[in-house]
Peer 1: 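Below you will find the structure I want to go over with you.
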Amino acid sequence: HTGLHFLAGAAGTTEILTLDSTGILSLTSTTDSSSTTTGSLKTAGGLGVAKTIYVGTGINFGSTTLSKYEEGTWTPVAAGTITAGAGTYTSQTGSYTRIGNRVLVSAAIGWSAHTGTGNLIITGLPFTAGAVRGSTTIESSGLVCVNPLGRVEVSSTTIVLVELVTATRVAMDAAVDFIFINGSYGI
């Protein structure tokens with residue numbers, strides 16, 4: 001064996017901690033009888049990490065476990081509710097961060113021509129929404145609505161645009177300079 005090895009057990013043959021020659025510290029079992037987790041690490045004054053922490057099944061905060069963290073991109077698509085149509089996009093980018101069962105989204109979308117009819121929706125969210133609506137703030141130029149608000153529909157990957165004051169849905173528009181979207185929803 002190369003590196004530093006700590007052994008336990010009556011015969012001193014159970015390896016519990018290894019520091020290998022590349023500097024990787026491995027916990028292979030626990031000597032803490034109150035712990036049910038293999039590989040527990042307790043520190044008196046905190047733990048500093050220089051690079052990346054890799055988590056197997058989640059991080060436990062007492063009664064809550066953070067089991068998912070993810071960052072990525074998504075492609076927002078403008079569509080009509082009667083006829084989805086097709087657009088000539090001038091901007092079409094989106095990003096997201098998922099933390100547990102919450103998704104934070106942002107996007108920029110604009111088009112110079114579109115054949116959709118009906119009310120305007122934005123599709124393509126990266127995860128299907130849960131049982132409670134989410135909301136997004138909308139900033140726009142060229143949209144036929146003064147105070148738009150985005151509403152993430154239940155069990156969908158769709159944002160419905162609604163006029164904030166009148167609560168009416170926003171009509172599809174043939175050309176929109178830009179729509180900026182920022183918001184969150186549960187999954």
Side-chain angles (χ1 to χ4, degrees), residues 37 49-187:
T37 305
V49 178
K51 289 196 176 201
T52 304
I53 295 177
Y54 296 96
V55 178
T57 57
I59 301 171
N60 189 300
F61 298 98
S63 63
T64 304
T65 298
L66 174 61
S67 60
K68 189 72 171 175
Y69 179 88
E70 179 180 335
E71 295 177 345
T73 60
W74 65 287
T75 303
V77 176
T81 54
I82 295 174
T83 303
T88 303
Y89 292 97
T90 56
S91 177
Q92 193 179 21
T93 62
S95 63
Y96 71 87
T97 301
R98 176 181 173 184
I99 303 171
N101 66 352
R102 297 296 305 168
V103 181
L104 309 171
V105 293
S106 63
I109 186 172
W111 55 94
S112 58
H114 206 292
T115 59
T117 61
N119 295 318
L120 173 61
I121 58 175
I122 306 296
T123 64
L125 287 170
F127 300 96
T128 300
V132 177
R133 283 186 177 153
S135 65
T136 64
T137 58
I138 303 287
E139 178 184 346
S140 68
S141 174
L143 195 60
V144 293
C145 174
V146 178
N147 297 305
L149 175 71
R151 186 176 67 209
V152 178
E153 291 295 292
V154 171
S155 302
S156 77
T157 58
T158 301
I159 299 171
V160 172
L161 277 72
V162 178
E163 207 289 323
L164 181 63
V165 176
T166 63
T168 57
R169 292 180 69 158
V170 175
M172 185 65 198
D173 201 332
V176 173
D177 295 334
F178 66 83
I179 298 174
F180 294 131
I181 300 167
N182 284 294
S184 69
Y185 64 100
I187 56 174

Peer 1: Evaluate the side-chain proximity of Ile138 to Ile181: yes if any heavy-atom separation is below 4.5 Å, no if none is.
Peer 2: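 A side-chain contact exists here, since the closest heavy-atom pair is under 4.5 Å.
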
Peer 1: Side-chain contact test, heavy atoms from C-beta onward, threshold under 4.5 Å: evaluate it for Thr137 versus Phe180 and give yes or no.
Peer 2: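 No, every pair of side-chain atoms sits at 4.5 Å or beyond.
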
Peer 1: To the closest 0.5 Å, what do you measure between CG (Asn101) and CZ (Phe127)?
Peer 2: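 The CZ atom of Phe127 is 11.5 Å from CG of Asn101, to the nearest 0.5 Å.
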
Peer 1: Side chains of Leu120 and Ile179, heavy atoms from C-beta outward: is any pair under 4.5 Å?
Peer 2: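 Side-chain contact under 4.5 Å: yes.
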
Peer 1: How close do Tyr185 and Thr128 get, heavy atom to heavy atom, and via which atoms?
Peer 2: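 For Tyr185 versus Thr128, the nearest heavy atoms are CE1-C, 4.4 Å.
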
Peer 1: May I ask you to decide if Asp173's main-chain N or O and Trp111's side chain share a donor-acceptor pair within less than 3.5 Å?
Peer 2: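 Such a contact is found between Trp111 side chain and Asp173 backbone.
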
Peer 1: For Asn119, does its backbone N or O pair with a side-chain atom of Thr81 as donor and acceptor, under 3.5 Å?
Peer 2: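 Yes; judged by distance alone, with no hydrogens or angles, the pair exists.
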
Peer 1: State, to 0.1 Å, how close Trp74 and Gly124 come at their nearest heavy-atom pair, and which atoms those are.
Peer 2: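 For Trp74 and Gly124, the tightest heavy-atom pair comes out as CE3-O, 3.1 Å.
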
Peer 1: Nearest 0.5 angstrom please: Arg102 CZ to Ile187 CD1, how far?
Peer 2: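 Reported to 0.5 Å precision, the distance equals 9.5 Å.
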
Peer 1: Using atom types as modelled and distance alone, determine if a side-chain donor or acceptor of Tyr89 lies under 3.5 Å from a backbone N or O of Ala78.
Peer 2: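 Yes; at least one donor-acceptor contact below 3.5 Å.
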
Peer 1: I'd like to know if the side chain of Thr115 and the backbone of Ala86 have a donor-acceptor N/O pair within less than 3.5 Å.
Peer 2: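 Present.
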
Peer 1: With the side chain counted from C-beta on, respond yes when Pro148 and Leu143 share a heavy-atom pair under 4.5 Å apart, and no when they do not.
Peer 2: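 Sidechains of Leu143 and Pro148: in contact.
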
Peer 1: To the nearest 0.5 Å, what is the distance between OG on Ser140 and CG on Asp177?
Peer 2: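 Going from OG on Ser140 over to CG on Asp177, the span is 9.0 Å.
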
Peer 1: Check whether Arg98 reaches the backbone of Gly100 with its side chain - one donor and one acceptor, N or O, closer than 3.5 Å.
Peer 2: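 It does hold such a pair.
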
Peer 1: Main chain of Leu125, side chain of Tyr96: is a donor-acceptor contact present, judged purely on distance under 3.5 Å?
Peer 2: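 Not confirmed, Tyr96 side chain does not pair with Leu125 backbone.
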
Peer 1: State which residues pass side chain to side chain contact (heavy atoms under 4.5 Å, CB included) with Asn147; sequence neighbours excluded, sorted by chain then number.
Peer 2: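 Per chain and number, Asn147 pairs via side chain to side chain contact (heavy atoms under 4.5 Å, CB included) with Glu163, Leu164, Val165.
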
Peer 1: Can Ser112 and Thr88 be counted as having a side-chain donor-acceptor contact under 3.5 angstrom?
Peer 2: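 Result is no, nothing qualifies.
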
Peer 1: Would you check if the side chain of Thr117 reaches a backbone N or O of Thr83 as a donor-acceptor pair within less than 3.5 Å?
Peer 2: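 Checking the backbone N and O of Thr83 against the side chain of Thr117, a donor-acceptor pair under 3.5 Å is found.
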
Peer 1: Of the options Ser95, Pro126, Pro76, which is the one that meets Val105 in a side chain to side chain contact (heavy atoms under 4.5 Å, CB included)?
Peer 2: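 Exactly one candidate clears the test, Pro126.
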
Peer 1: What's the shortest heavy-atom distance between Val154 and Gly130, and which atoms?
Peer 2: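 Shortest heavy-atom separation between Val154 and Gly130 comes out as CG1-O, 3.3 Å.
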
Peer 1: Grab the two heavy atoms, one from Ile159 and one from Thr136, that are nearest each other, plus how far apart they are.
Peer 2: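 Ile159 and Thr136 have their closest heavy atoms at CG2-OG1, 4.0 Å.
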
Peer 1: Do Met172 and Ile121 come close enough that some side-chain heavy atom pair is under 4.5 Å?
Peer 2: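 Heavy-atom side-chain distance check fails, nothing below 4.5 Å.
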
Peer 1: For the CG atom of Leu161 and the CZ atom of Arg151, what is their distance to the nearest 0.5 Å?
Peer 2: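 So the CG of Leu161 and the CZ of Arg151 are separated by 10.0 Å.
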
Peer 1: Can you name the side chain to side chain contact (heavy atoms under 4.5 Å, CB included) partners of Thr93, sequence neighbours left out?
Peer 2: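 Thr93 satisfies side chain to side chain contact (heavy atoms under 4.5 Å, CB included) with Ala108 once adjacent residues are dropped.
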
